[in-house]
Novice: 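Submitted below is the structure of interest, expressed as structure tokens.
Quick caveat: nothing in here was measured; it's all calculated off a predicted structure. So you know, we letter chains A, B, ... as the sequences are listed, proteins then strands, and number each from 1.
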Protein chains: 2
Amino acid sequence: MDETTGLRERKKAATRLALHEAALRLAAEQGPDAVTVEAIADAANVSRRTFSNYFSNKEEALFHGDTTRLRRLLQLIRERPASEPPWTALSLAAERFTEEAFGDRDHSWLTRRRQLRGHPGLAAHQVAAYTTIERELAGDLAHRLTGADVALRSRLLAATFLAILRVAVQHWIDHPGGHLRQTIRTALAEAAPPATAGTAGD
Amino acid sequence: MDETTGLRERKKAATRLALHEAALRLAAEQGPDAVTVEAIADAANVSRRTFSNYFSNKEEALFHGDTTRLRRLLQLIRERPASEPPWTALSLAAERFTEEAFGDRDHSWLTRRRQLRGHPGLAAHQVAAYTTIERELAGDLAHRLTGADVALRSRLLAATFLAILRVAVQHWIDHPGGHLRQTIRTALAEAAPPATAGTAGD
DNA sequence: TTCTCAACGTGCAAACTTGCCTAGTGCGCA
DNA sequence: TGCGCACTAGGCAAGTTTGCACGTTGAGAA
């Protein structure tokens, strides 16, 4: 995978990741408000100016991981066969997604995420990250729906699905020892009826 | 020390060092001729073009360490009081130099150096590195000499001193378990008479 | 010998980083 | 209230790295 991309692109990705991880670590250690952009840049061994070249603010750096993961989820959903009922496609993509994205999370990552939980400003930014993806997902889902009110129903489906996913992941982060995969399965099953009702393919 | 220089300079130094160390490691592992510039650049995580921005060839990269150390030695000599007899200044500077430069060499460094020993092309480059410094040192020493033939005597003094140092260090590298400091002391004392004869300050 | 090819050294343009600077914001203190 | 101060976002120029192209060289095969 790395072999196909050039050195320049690999280095950019590394810098972005370094900034993201520095932001996460420092925010967990000192509290999100206490961290300065300068401290993050220093920790990632780049200039403050370079931080701005990658992220427009601290929060963006903090949620870069989420953004990346969600974008990957979107891709997984797109890869599901078009013939698959929407909720099935979403569920199976979510299944694969959790394995990929959270299968090998180390303990320190979880600890950090836990320490950031409940911070008001941050939560807003996280929801914003999800919302951005939500619009894209709705657009995709529209192609998988037929019947009346496709625009509305696809938006609802996207919003429901992402909300469930967000809550399930957050729940898993907050409650050590749980199994994310099972949590998500349960959560999706719980919410399946209304979402399945939106299906019109069969 | 790092705190005073900017990020840009620190990164350049780091890149130069990374290239130097990669060159040393690969040359020791595969033999100096088998290593390509490309391999060194890859190991240092920079492009082949960047290698050329730092060094004009493999050998320069390999002897970057020597060059740096010798330049530091020159500085130490310059810091000796002008009133000090030349050979005394040289000896005391050499004393301090060995502590600084070889005091904390790890085992792998010694191993690598040993593996490069005796390679014909490399030896020539190393001597070249010493010769460059030799001219500078001679220039400095001229200020510490009086009497006739200062130009010649300062060149002789510089050449003798550096030759002794080079041999002593090489001997230490080749013979594990020896004490560099003692080796150098012995070597310098051995050669002191002719050099001291060149002194004219007292 | 001639051909081929890998490695090298270097010129050049585009991309990226750094450092400096400015304007804007929010906060504490006189 | 007004002032100073730390932090931030982003414009700009200079410095650095990358990617690519081109000509050269030396070693080995045809």
Side-chain angles (χ1 to χ4, degrees), chain A residues 2-27 29-64 67 119-122 124-125 128, chain B residues 1-27 29-64 119-122 124-125 128:
Chain A
D2 270 354
E3 290 84 303
T4 57
T5 59
L7 180 58
R8 183 167 270 162
E9 275 187 81
R10 269 183 288 144
K11 283 198 170 181
K12 281 197 73 170
T15 301
R16 200 178 292 276
L17 188 61
L19 283 168
H20 166 58
E21 290 187 336
L24 212 50
R25 181 171 61 78
L26 292 175
E29 281 172 13
Q30 315 173 0
D33 298 325
V35 206
T36 66
V37 167
E38 181 157 21
I40 297 172
D42 283 356
N45 201 32
V46 297
S47 69
R48 196 198 54 72
R49 191 61 183 82
T50 295
F51 176 95
S52 291
N53 293 340
Y54 282 89
F55 300 109
S56 48
N57 51 53
K58 262 177 293 195
E59 291 75 18
E60 205 174 302
L62 277 173
F63 288 109
H64 167 64
T67 309
H119 192 277
L122 254 46
H125 274 275
Chain B
M1 198 167 276
D2 269 354
E3 291 84 303
T4 56
T5 57
L7 179 59
R8 184 167 268 162
E9 276 186 80
R10 269 182 288 143
K11 283 198 171 181
K12 281 199 76 167
T15 301
R16 201 178 291 277
L17 187 62
L19 283 168
H20 166 59
E21 291 187 336
L24 212 51
R25 180 172 61 78
L26 292 175
E29 282 173 10
Q30 315 173 1
D33 297 326
V35 207
T36 66
V37 166
E38 182 157 21
I40 297 173
D42 283 357
N45 202 31
V46 296
S47 68
R48 185 172 70 82
R49 191 61 184 81
T50 295
F51 176 94
S52 292
N53 292 340
Y54 283 90
F55 301 109
S56 47
N57 50 52
K58 262 177 292 195
E59 291 75 18
E60 207 174 300
L62 276 173
F63 288 109
H64 167 63
H119 192 277
L122 255 46
H125 274 276

Novice: Check the distance between C/dG19's C1' and A/N53's CG and give it to me in whole angstrom.
Specialist: 12 Å
Novice: Distance under 4.0 Å to a non-hydrogen atom of chain A counts as contact; along DNA chain D, which nucleotides mark the start and end?
Specialist: D/dC7 to D/dG19
Novice: Apply side-chain hydrogen bond (donor to acceptor under 3.5 Å, both in side chains) to A/N45 and list each qualifying residue two or more places apart in sequence or on a separate chain.
Specialist: none
Novice: Do any pairs count as a salt bridge (charged side-chain N to carboxylate O under 4.0 Å, His left out) and have a residue in residues 11-27 of chain B, sequence neighbours left out, and if so which ones?
Specialist: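 Only B/R25-B/E29 qualify under salt bridge (charged side-chain N to carboxylate O under 4.0 Å, His left out).
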Novice: Checking A/H125 now: which residues fulfil ring pair (Phe, Tyr, Trp, His ring centres under 6.0 Å) with it, not counting sequence neighbours?
Specialist: none
Novice: Is the phosphate of C/dT18 approached by A/T50 (side-chain N or O, under 4.0 Å from OP1 or OP2)?
Specialist: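 For C/dT18, OP1/OP2 do have a side-chain N/O of A/T50 under 4.0 Å.
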Novice: Whether A/Y54 contacts C/dC16 is assessed here as follows: a side-chain N or O lying under 4.0 Å from the phosphate OP1 or OP2. Is that the case?
Specialist: no
Novice: Counting just side-chain N and O atoms, does A/K12 come under 4.0 Å of either OP1 or OP2 of C/dC16?
Specialist: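 It does, given that an N or O in the side chain of A/K12 lies less than 4.0 Å from OP1 or OP2 of C/dC16.
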Novice: B/D33 has an atom CG; how far is it from atom C1' of C/dA6, in whole Å?
Specialist: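 After rounding, the gap between these two atoms is 15 Å.
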Novice: Polar atoms only, N or O, under 3.5 Å: list the protein pairs with nucleotides 7-11 of chain C and their distances.
Specialist:
residue: C/dC8; atom: OP1; partner: B/V37; partner atom: N; Å: 3.1
residue: C/dC8; atom: OP1; partner: B/K58; partner atom: NZ; Å: 3.3
residue: C/dC8; atom: OP2; partner: B/V37; partner atom: N; Å: 2.8
residue: C/dG9; atom: OP1; partner: B/S56; partner atom: O; Å: 3.3
residue: C/dG9; atom: N7; partner: B/R48; partner atom: NH1; Å: 3.2
residue: C/dG9; atom: O6; partner: B/R48; partner atom: NH2; Å: 3.3
residue: C/dG11; atom: N7; partner: B/R49; partner atom: NH2; Å: 3.1
residue: C/dG11; atom: O6; partner: B/R49; partner atom: NE; Å: 2.8

Novice: Which residues pass the side-chain hydrogen bond (donor to acceptor under 3.5 Å, both in side chains) test with B/T15, sequence neighbours left out?
Specialist: none
Novice: Looking only at heavy atoms, what is the nearest atom pair of A/H119 and A/P32, with distance?
Specialist: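 Heavy-atom minimum between the residues: CD2-CG, 3.7 Å.
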Novice: Quick one, B/F63 and B/L122 - any side-chain contact, counting heavy atoms below 4.5 Å?
Specialist: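 They are in contact (side-chain heavy atoms under 4.5 Å apart), so the answer is yes.
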Novice: What residues, two or more places apart in sequence or in another chain, satisfy side-chain contact (heavy atoms from CB on, under 4.5 Å) together with A/A22?
Specialist: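 Expected list: A/I40, A/A43, A/A44.
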Novice: So, using side-chain hydrogen bond (donor to acceptor under 3.5 Å, both in side chains) as the criterion, who are the partners of A/R8 when residues are at least two apart?
Specialist: none
Novice: What residues, two or more places apart in sequence or in another chain, satisfy side-chain contact (heavy atoms from CB on, under 4.5 Å) together with B/S52?
Specialist: B/R49
Novice: Tell me, which pairs form a side-chain hydrogen bond (donor to acceptor under 3.5 Å, both in side chains) where one or both residues lie in residues 34-43 of chain B, sequence neighbours left out?
Specialist: none
Novice: Contacts to DNA chain D from residues 14-21 of chain A, heavy-atom cutoff under 4.0 Å, which residues?
Specialist: none
Novice: Start at the 5' end of DNA chain D and walk down; is the nucleotide closest to A/K11 or to B/R8 reached first?
Specialist: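 So the residue in question is B/R8.
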Novice: A/S56: which residues meet the side-chain hydrogen bond (donor to acceptor under 3.5 Å, both in side chains) condition with it, sequence neighbours left out?
Specialist: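 Result, side-chain hydrogen bond (donor to acceptor under 3.5 Å, both in side chains) vs A/S56: A/E60.
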